[in-house]
Amino acid sequence: PLEMSAKRPVPFLRQVVPVKKKVQRDPRFDDLSGEYKPEIFMKTYSFLDSIKKQEKEMVQKQLKKCRNMEQKEKLQRLLNRMTQQEQAQKKQQKLRERELSLKRQQRELAKQGKKPFFLKKSEKRKLELAEKYAELKRSGKLESFLNKKRKRNAIKDKRHLPS
């Protein structure tokens, strides 16, 4: 903008060069970024899994070499976090696969001319529990799991009983 003299009053409608305001946008909520599809996301960033695996191995090696207890504790926490993230990702993937298979079944039924049937949350949970039990039975850890569950329930029941 032009400089005005301090002695003269500035006119009410002066000519100023317009400055374009920078528009900030959040890609999470913007249509320009496209729609989030977990399957495509996982395929696109699948290379990160191998990098994470290498990092985990590196942390394990450092943990074996480390002598400082404080540093060792930090590395152990990091390793635990990495394994937990890996497990959570696997769990999420299983859930996604299960939902996709249910959708495929519904499409097949729709093609045959039957009415689509959608599972309720409780029914999905029951299916998940049945799958978990089958998995535990296959691995041979079902008995120990049930014992832990019984103990937990017994403790809960004792808490609710009047003393």
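Small disclaimer: the values here were computed from a predicted structure and weren't measured.
Note that the CG atom of Leu161 and the CZ atom of Arg159 stand 11.5 Å from one another [nearest 0.5 Å]. Put simply, CG on Leu102 and CD on Glu123 are 10.5 Å apart, with the number rounded to the nearest 0.5 Å. Taken from NZ in Lys124 to CZ in Phe118, the straight-line distance is 9.5 Å, to the nearest 0.5 Å. Between the CD atom in Gln84 and the CG atom in Leu79 there is a gap of 10.0 Å [rounded to 0.5 Å]. A distance of 9.0 Å separates CD in Gln60 from CE in Met82, rounded to the nearest 0.5 Å. Taking CE of Met42 as the reference point, atom OG1 of Thr44 lies at 10.0 Å (rounded to 0.5 Å).
The number of heavy atoms from other shown groups lying within 6.0 Å of CD (Gln112) is above 12.
Legend: side chain to side chain donor-acceptor pair (under 3.5 Å) pairs involving residues 28-40, not counting sequence neighbours, sorted by first then second residue: Arg25-Asp30, Asp26-Arg28. Applying the salt bridge (charged side-chain N to carboxylate O under 4.0 Å, His left out) rule to pairs touching residues 79-98 yields Lys56-Glu86, Glu86-Lys90, Arg98-Glu128, Arg98-Glu131, sequence neighbours excluded.
No single ILVMFWY cluster, assembled from side-chain heavy atoms under 4.5 Å apart, contains both Leu78 and Met69. Linking ILVMFWY residues whenever their side-chain heavy atoms come closer than 4.5 Å, directly or via other members, places Leu142 and Leu129 in the same cluster. There is a path of hydrophobic side-chain contacts, each under 4.5 Å, that joins Leu146 to Leu136.
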(request) Go through the steps to decide whether Lys126 and Lys120 satisfy the test side-chain contact (heavy atoms from CB on, under 4.5 Å), and finish with yes or no. (result) CA-CA 10 Å; Lys126 283 179 187 175; Lys120 287 188 267 182; over 6 Å; no
(request) Check the pair Gln76, Asn80 against side-chain contact (heavy atoms from CB on, under 4.5 Å), reporting the backbone distance first and the verdict last. (result) CA-CA 6 Å; Gln76 189 63 49; Asn80 287 343; 3.5 Å; yes
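Partners of Phe117 according to the ring pair (Phe, Tyr, Trp, His ring centres under 6.0 Å) rule, which considers only residues two or more places apart in sequence or in another chain, do not exist here.
Formation of a donor-acceptor pair under 3.5 Å by the Gln71 side chain with backbone atoms of Asn68 is not found in this model.
Under the 4.5 Å side-chain criterion, counting only non-hydrogen atoms from C-beta, Ile51 is in contact with Glu55. Side chains of Cys66 and Leu75 form a contact here, defined as non-hydrogen atoms less than 4.5 Å apart. A 4.5 Å side-chain heavy-atom check between Ser46 and Lys43 finds every atom pair outside the cut-off. Residues Glu135 and Lys141 are not in side-chain contact: their nearest non-hydrogen atoms beyond the backbone lie 4.5 Å or more apart. When side chains are defined from C-beta on, Lys61 does not count as touching Met58, because their heavy atoms never get closer than 4.5 Å.
Side-chain atoms of Arg150 and Asn153 include no donor-acceptor pair closer than 3.5 Å.
Counting all heavy atoms, side chain and backbone alike, Leu63 lies closest to Lys72 at CD1-O, 3.4 Å.
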